[in-house]
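Have a look at the structure below, then the notes.
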Amino acid sequence: MRVFKFGGASVKDAEGIRNVYDVLQKVGFEDVLLVVSAMGKTTNALEVVIKDYFDKSSALQSSVQEVKKYHNQILLDLFENDKNEVFVAVKSLFSDLEYFLTHNKSPNYNFVYDQIVSFGELISTTILSHYMNFMGIQTQWIDVRNFIKTNSNYRDAEVDWVSTQKNISKNVKRKILNVTQGFLGSDENNFTTTLGREGSDYTAAIFAYCLNAESVTIWKDVPGVMNADPRYFENASLLNQISYREAIELAFYGATVIHPKTLQPLQKKEIPLYVKSFINPLLKGTSVSKGVALEPFLPCFIVKRNQLLISLSSIDFSFIMEENISEIFALFHQFKLKVNLIQNTAISFSVCVEDKFDNFKSLNTILSKKFKVDFSENVTLYTIRHFDDMATQTVEQGKKVILKQVSTETMQIVTSDDK
Ligand code: ASP
Ligand code: MG
């Protein structure tokens, strides 16, 4: 069995859905499981619904209406008349969403988030699956929540591998085209959970692992894994073959083509991962598989913007030692700051972090009681895997380097004067 993942960008409009049909015609669809994300920016639009709901904003109705209008337009573009039963199916999902919004009593933000945001994937797969049937490809729509079981850590749920494995091996039918939702799961009480933003790649890996799939293909709007983001670097080139290890490193340092959690299950069973273009599905793209000989010889560039560089030094010239460091890390963890680089000397300690949830201010109040805290906002962190002089120069040119760290394979550079 092959597992295919189509992300939001690939199904952002009617054209995109038709293209999925074309891709399937070209590469085959028997014995395939399709994992599909919410259409386009639907997850973000549903996040606005959630915000309006909690703010008790009068805009709530119109933000729900936005999501409805967007999907309705796609339906009208895809199906020649509104007699197709997909219209009833999608309408009923929106009624469920509205029912939840009017009847929910839970004040738990993360719980409510998952119950609402999941409609994105439920709707996209309903539309896609009906469209394939309409075009003559029979599909089996499956509700992923009956397969992927998780704990109740809403918005970042962890997979219960034992029951997930059982459900998948027992109930996924082979030899047909299955269509299911990325990103979602359900907990012990059958409440919907999600696996973290951009989690659909991971869903594909979970199914592949449990099905002992032959391969996973992530269909993208780029030709495959590139050695640099073409938006920021001229002359970005395609990496034809990379090892799991290299892919894990790249994902770890922030390359966004593959969700970091995706690789581990695949690597365990040596299931190859292909990253291919949904525009040119017959091109080879990138293959990720076992083997050191596959390391790229090209330098790979990863850029992370909007980072925060924090330097802590001891107030009294005492050493920053293990117990301080573990305390500092516990605080970063508690305040959900993601550490992307660490550097320390005897009396100072610097970290480059991402403050996604705007928590640094509160953390700083605590840190300042024990340390002298200096920080620079809006710095950029460049990581170069397999760096060479040219690569380093490309990054440093015209920028103010404020920190640099070098290991055998990886160079990290923090610059301050970058947009
Ligand atoms: N729709 C979800 C998100 O946008 C999951 C995914 O796209 O992978 O985060
Ligand atoms: Mg998405």
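Atoms within a ligand are numbered from 1 in the order they appear, just like the ligands themselves. Numbers here are sequence positions counted from 1.
When each atom of ligand 1 is checked for a heavy atom of S37 under 4.0 Å away, the hits are 6 (C), 7 (O), 8 (O). Each of the following atoms of ligand 1 lies closer than 4.0 Å to a heavy atom of R197: 3 (C), 4 (O), 9 (O). Annotation for ligand 1: atoms under 4.0 Å from non-hydrogen atoms of F183 are 2 (C), 5 (C). Atom numbering of ligand 1 starts at 1 in the shown order; those under 4.0 Å from a heavy atom of E121 are 1 (N), 2 (C), 5 (C).
Partners of F191 under the ring-ring contact (aromatic ring centres under 6.0 Å, His included) rule, at least two apart in sequence or in another chain, are F111. Residues that satisfy the side chain to side chain donor-acceptor pair (under 3.5 Å) test with K269, not counting sequence neighbours, are N212.
Assignment of G199 to the shell around ligand 1 is supported, since a heavy atom sits closer than 4.0 Å. For the pair H259 and ligand 1, no heavy-atom separation below 4.0 Å is found.
Between F375 and F360, the ring centre distance stays below 6.0 Å.
The CD1 atom of I116 sits 7.5 Å away from atom CG of N104, with the distance rounded to the nearest 0.5 Å. L266 CG to D201 CG: the interatomic distance, rounded to the nearest 0.5 Å, is 9.5 Å.
The aromatic rings of Y202 and H259 sit parallel, their planes meeting at an angle under 30°, below the 60° perpendicular limit.
Backbone and side-chain nitrogen or oxygen atoms of K5 are examined, and none is located within less than 3.5 angstrom of a nitrogen or oxygen of ligand 1.
Counting heavy atoms under 4.0 Å from ligand 1, residue S200 touches it through both backbone and side chain.
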